[in-house]
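Order of the sequence lines fixes the chain letters, A, B, ..., with proteins taken first and strands second; residue numbering starts at 1 for each chain.
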Amino acid sequence: MNLLEGLNPEQLAAVTLPRQHALILAGAGSGKTRVLTTRIAWLIATNQMTPQQVLAVTFTNKAAKEMMARLTAMLPINVRGMWIGTFHGLCNRLLRTHYRDAGLPQLFQILDSSDQLSAIKRLLKSLNVDDEKYPPRELQHFINGQKEQGLRPSAVEAWDSYTKKRVELYEAYDAQCNKEGVVDFAELLLRCYELLSRNEALRRHYQERFRYVLVDEFQDTNVLQYRWLKLLTGPEAAMFAVGDDDQSIYAFRGADVGNMRDFEREYKVATVIRLAQNYRSHGNILDAANAIIRNNENRLGKNLWTEAGAGEPIRVFEAYSDLDEARWVVDEIRALARDGHARSEIALLYRSNAQSRVLEHALFSAGLPYRVYGGLRFFERQEIKHALAYLRLIANPDDDTSFARVVNFPTRGIGARSIEQLQDAAKAAGSSLFAAAAQTSGKAAAFVALIAKMKESAHLPLPELVDQVVELSGLREHYRADKEGQDRLANLDELVNAAASFVAEEGVVGAEGELSADLIAFLAHAALEAGEHQAGEGDDALQLMTTHSAKGLEFNIVFLTGLEEGLFPHENSLVERDGLEEERRLMYVAVTRARRRLYLSHAQTRMLHGQTRYNLPSRFIEEIPAGLVKWLTPRMAKQGGAHGGVSSRLTLDEPRATYSSRASGSGTAYRIGQGVRHAKFGEGIIVNLEGGGEDARAQINFGNAGMKWLALSVAKLETV
DNA sequence: CTGAGAATGATTTTT
DNA sequence: TCATTCTCAG
């Protein structure tokens, strides 16, 4: 069977496994997606199951699409009918089908995170809750956290008055959503989970249907997602969970790696297959990654290997400053480009977004095209959200979030005052803002009439409807008048195009009524799939992104910058539970992105939040065996004076930092940036100085041992 | 309603 | 430092 051609023994074992629960520990670059898709194709091709019997779940739309595309290439069938999608996409599908059983209006709308935040702000205002005491963002996080644990307000344990109040607000928030007919992301999951757990007939139906449940990136599942999977995996079904505990980097948003062990135990998983052969990177890169991750205690264990050669050593550069680091990156990239390397095969990675600006500035000055991932996405743009809000009001006039968003945009003389009156009226009548507005006469009523007018176009093909709405709303007019509105105008036109291609690709055929079924599907699509990240200029552009965003991607050449204590590992991680191990996994993910060449760099000084910081090299650099590393700068170049043997090019560029702070203790002069050694804490760098004479104190970053304030007259410090 | 200036606060992110 | 959010005067 040619489907199986070229698979290694472990991949083959996984793909052809009999129907039983299995955990596939798929290391970075081990052909995980291939295994997942080939298994589905093989099961179908060998008639072990029909396309209807598979449920395949991913986290991102990108992964789901990739799976569909590969399946299409492997099988002569239409994959569109198969249940392959994201957790949220599949829940949406189930809830649309069974909206009555789920207690939802047929045309329920989906709130994205920013919609949810506005809804919470509106709630706090209407309840007269002090948003200083209950910050909306924090409340949002609290509510989502509870939902992701599967907890409704009544199930949340609250002992202190603060939590009790938050639970009360959670309850009020849910009530508001129900009234408005809207559902947030976490609610999609929870509502679907509850639907299936309460409705036995429905659960049985799906359990009997899905014989194979396959899960991608299992290490990223949260408690609720795992429980949802368990509900859908009936007694006859087999769960095939693919994941890598070493690449679990999303604990901060609720992912629970513990699900892997729980799955193994609860399902008495007999087959754990380790995919450790790596098809991506050269040996030295894998050895470095293996060595780093070995320092984590909590892991299921696995060691990547390759048939490719050792390849090049890992290059490490110590920069004097962040600016210097950026200049070095530019120089190195220029040299690489001269050698014929494609820019799009070079990635610049950093731990936090703030680090990109210095790099961007240097690249821009050097005229090197680049693309930054992580900006605003298409459906998140202001003008697009405005247009969508009008469309949502057509579908569901009770959607107060959308109402509040556009009732006065473009401005039509309905100010904060009038909106407050509407809110009071709506509250008194227990109705939506839209209904309250309909009761008035004047500007608010005119807005209601406007929506009614738009609704007259609701039977038109979707792209025409969108075009009408953009026109009638006055959005087009508004941005035409705005001298900086040209891009937004173009985006609105693009929205019409997006609607057209959506209908062409996923249009609901035949369904006609007062409202176009396409509209509802399109609105869900817009909420669930925010679209492409802002495209950068140039086809052959360097790729800039955070280490998190890089997960799942690969590049011939990777620059991993800002490898400093406090930055990476991030200082906050040191006080979080298992924070350091998560940072290390992130480092592991970053390192394994590189195919052939990996550069690591750190800077002695760096501007952060308007202050110059003095950071020690990241411990992760030291965790790489010295034999794999080639230092481009003398190892641990010392501070001050001629500063070690750093190349003369660097000494020309003195940092902008001023060393105004000086102090002395025990007759020795100290200055910021000075390296010191302490008997107990080891080597550190002076970060701050205070006072003088007998009272002089120094704040010292000891790296592993943390940040300390020491009295210079007392502490026995040795200068390094 | 708008715009200017102040205040704030700043890992990581998909749906 | 700098981007975003808030506040207040016009």
According to the interplanar angle, ranging from 0 to 90°, do the rings of [X] and [Y] count as parallel (below 30°), tilted (30 to 60°) or perpendicular (above 60°)?
X      : Y      : value
A/F218 : A/F263 : tilted
A/F502 : A/H525 : tilted
A/F409 : A/H386 : parallel

Original post:
Which sits closer to the 5' end of DNA chain B, A/N572 or A/T411, going by the nucleotide each is nearest to?
Top reply: A/T411
Original post:
In terms of the nearest nucleotide of DNA chain B, which residue is placed more toward the 5' end: A/A530 or A/R412?
Top reply: A/R412
Original post:
For B/dT11, is chi within 90° of 0 (syn) or not (anti)?
Top reply: syn
Taking [atom1] from [X] and [atom2] from [N], how many angstroms apart are they, rounded to a whole number?
X      : N      : atom1 : atom2 : answer
A/L224 : B/dT15 : CG    : C1'   : 13 Å
A/K65  : B/dT14 : NZ    : P     : 14 Å
A/L111 : B/dT14 : CG    : P     : 19 Å
A/R93  : B/dT15 : CZ    : P     : 18 Å
A/L586 : B/dT13 : CG    : C1'   : 12 Å
A/E529 : B/dT15 : CD    : C1'   : 10 Å
A/Y350 : B/dT12 : OH    : P     : 10 Å
A/H609 : C/dC2  : NE2   : C1'   : 11 Å

Nearest to the side chain of [X], heavy atoms from C-beta on, is which of [options]?
X      : options                : answer
A/M607 : B/dT12, B/dT14, C/dT1  : C/dT1
A/L528 : B/dT15, B/dT12, B/dC1  : B/dT15
A/Y250 : B/dT13, B/dT14, B/dT12 : B/dT13

Original post:
Distance under 6.0 Å and angle within 45° of the ring axis: does A/R371 meet both against A/Y373?
Top reply: yes
**OP:** Tell me whether the guanidinium CZ or amine NZ of A/R253 lies under 6.0 angstrom from the six-membered ring centre of A/Y250 and within 45° of its axis.
**Re:** yes
Subject >> Pairwise P distance for C/dT5 and B/dT12, with rounding to whole Å >> reply: 15 Å
Subject >> 4.5 Å side-chain heavy-atom contact, A/F379 and A/K385 >> reply: no
Original post:
Would a line drawn from the ring center of A/Y350 to the ring center of A/H548 be shorter than 6.0 Å?
Top reply: no
Original post:
Taking the six-membered ring for Trp, is the centroid-to-centroid distance between A/F108 and A/Y99 below 6.0 Å?
Top reply: no
Base, sugar-phosphate alone, or nothing: which one does [X] contact when heavy atoms must sit under 4.0 Å apart?
X      : value
A/D112 : nothing
A/E217 : nothing
A/I414 : sugar-phosphate

Original post:
To the nearest 0.5 Å, what is the distance between CG (A/L422) and CZ (A/R417)?
Top reply: 11.0 Å
Does OP1 or OP2 of [N] have a side-chain N or O of [X] closer than 4.0 Å?
X      : N      : result
A/S549 : B/dT13 : yes
A/R417 : B/dC1  : no
A/N353 : B/dT13 : yes
A/N61  : B/dT14 : no

**OP:** Mark yes or no for a side-chain to base donor-acceptor pair under 3.5 Å between A/T546 and B/dT13, with no hydrogen or angle criteria applied.
**Re:** no
Original post:
Are the ring of A/F252 and the base ring of B/dT12 both nearer than 5.5 Å at their centres and tilted by less than 30°?
Top reply: yes
Original post:
May A/H570 be described as stacking on the base of B/dT11, applying a 5.5 Å centroid limit and a 30° limit on plane angle?
Top reply: yes
Enumerate all atom pairs, one protein N or O and one N or O from nucleotides 3-8 of chain C, separated by less than 3.5 Å.
{"residue": "C/dA3", "atom": "OP1", "partner": "A/R357", "partner atom": "NH2", "Å": "2.4"}

